[in-house]
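Report on the following structure.
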Amino acid sequence: MKKVLIAGQKDKTVNYENAMKELGVHTETSLHVPDIISYDGLILPGGGDIDPKLFGQLPCETGFFDPVLDRLQLAILRAFVLSRKPVLGICKGMQLINIYFGGDMVQHLKTSENHAYVKEDQIHRSVAKKGSFLEKLYGEQFVVNSAHHQGVDCPGKGIEFVQFAEDGVVEGLRHRFLPVWGVQWHPERLCFAHRREDAVDGALLLSFYTGV
Ligand SMILES: N[C@@H](CCC(=O)NCCCC(=O)O)C(=O)O
């Protein structure tokens, strides 16, 4: 991969841009549906909560959400899915992927204290499904970071959940037939300058994605 679009707001995507730069991949951050030809892939970054209307629910324990931003990010995702180009969704980005394919959300996890950002990212153990892309990268059990209070619930069409926290919260997914992957954790905050000894190296996942 040479050039990746990050579907987000410029001032909030520096960590993603820096991690891609370390991997020799040029990025552009934009919320305009791009001229797909000029991009090799898409990153859907983390962010706020998601408009419950997008998964057929009334707001219940959902925090701040930006309905316009959510719909712009879904429109960009649609363009990359239709052109069968690789997509990596991170945190909110993973949740948008599941919603795009018709899945839904838990608006506030009962175990959010295990996952929420408290002055800094939390870390917790997780388990990857045998044979999954995450198990091949990190083995069956590995520690990841965490900064969220919502979670995916029913899987969308073609979506397979492949990584789970010990409390059952979904931490990773893939599309069975399309080059679409998502993680609930933040590899861009676990690599290079942000590398930490007590969790996995996020660069392995980002290299996997940029290498497809
Ligand atoms: N609101 C959702 C998604 C949380 C999320 O994406 N957090 C990351 C914040 C921004 C960032 O660090 O990139 C939830 O709470 O589940």
Side-chain angles (χ1 to χ4, degrees), residues 4-21 27 29-31 42-55 57-74 76-77 87-100 103-124 126 144-156 159 161 163-165 167-173 181-196 199 202-203 205-206 209:
V4 163
L5 176 71
I6 301 173
Q9 295 149 316
K10 196 95 192 98
D11 59 336
K12 296 188 178 138
T13 57
V14 175
N15 288 333
Y16 304 86
E17 294 158 16
N18 290 345
M20 286 291 117
K21 203 166 171 196
T27 60
T29 296
S30 165
L31 285 167
L42 170 69
I43 288 180
L44 282 173
D49 290 357
I50 298 171
D51 183 354
K53 276 204 205 85
L54 290 167
F55 47 91
Q57 295 176 17
L58 295 170
C60 169
E61 295 188 274
T62 274
F64 170 77
F65 61 88
D66 179 339
V68 176
L69 172 64
D70 298 344
R71 286 163 179 75
L72 285 170
Q73 290 176 316
L74 287 169
I76 294 170
L77 174 58
V87 175
L88 177 64
I90 292 174
C91 208
K92 177 190 177 188
M94 179 191 96
Q95 297 167 353
L96 285 173
I97 288 171
N98 193 49
I99 290 166
Y100 176 82
D104 65 5
M105 296 274 292
V106 177
Q107 292 186 50
H108 184 66
L109 295 165
K110 288 192 178 55
T111 56
S112 67
E113 70 281 1
N114 303 342
H115 297 270
Y117 182 92
V118 184
K119 295 202 185 88
E120 61 179 0
D121 289 345
Q122 288 203 55
I123 58 167
H124 62 69
S126 71
V144 294
N145 57 3
S146 192
H148 66 109
H149 78 98
Q150 307 191 301
V152 296
D153 193 3
C154 301
I159 294 292
F161 296 156
Q163 183 197 3
F164 304 87
D167 58 10
V169 169
V170 176
E171 295 286 338
L173 60 79
W181 302 271
V183 288
Q184 187 60 71
W185 46 285
H186 287 267
E188 81 289 356
R189 292 210 286 266
L190 288 177
C191 60
F192 306 114
H194 298 287
R195 182 86 178 84
R196 46 189 296 172
L205 172 59
L206 298 175
Y209 165 68

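Remember, it's 1-based here, ligands and their atoms both numbered in the order they're listed. These numbers come from a predicted model, not from an experiment. All values below were derived from every heavy atom in this structure, side-chain atoms included, with hydrogens, water molecules and symmetry-related copies excluded.
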With H149, which residues qualify under ring pair (Phe, Tyr, Trp, His ring centres under 6.0 Å), at least two apart?
-> H108

Sidechain N-carboxylate O distance under 4.0 Å for E17, K10 = yes

Locate the shortest heavy-atom distance separating F161 from L173; write the atom from each residue and the value.
-> CD2-CB, 3.9 Å

Residues at least two apart in sequence or cross-chain that pass side chain to side chain donor-acceptor pair (under 3.5 Å) with Y16, listed by chain then number, are E188

Write none if no such pair exists; otherwise list each N/O atom of ligand 1 with its protein N/O partner under 3.5 Å and the distance.
| from | atom 1 | to | atom 2 | distance (Å) |
| --- | --- | --- | --- | --- |
| ligand 1 | 1 (N) | G48 | O | 2.8 |
| ligand 1 | 1 (N) | D49 | N | 3.4 |
| ligand 1 | 1 (N) | D49 | OD1 | 2.6 |
| ligand 1 | 6 (O) | G47 | N | 2.7 |
| ligand 1 | 6 (O) | G47 | O | 3.2 |
| ligand 1 | 6 (O) | K92 | N | 3.1 |
| ligand 1 | 7 (N) | A147 | O | 3.0 |
| ligand 1 | 12 (O) | R189 | NH1 | 2.6 |
| ligand 1 | 12 (O) | R189 | NH2 | 3.4 |
| ligand 1 | 13 (O) | Y16 | OH | 2.9 |
| ligand 1 | 15 (O) | H149 | N | 2.9 |
| ligand 1 | 16 (O) | Q95 | NE2 | 3.0 |
| ligand 1 | 16 (O) | Q150 | N | 2.9 |
| ligand 1 | 16 (O) | Q150 | O | 3.4 |

Looking at residues at least two apart in the chain, or sitting in another chain, which of them share a ring pair (Phe, Tyr, Trp, His ring centres under 6.0 Å) with H186?
-> none

Below 4.0 angstrom, N of the basic side chain to O of the carboxylate: do K110 and D167 qualify?
-> no

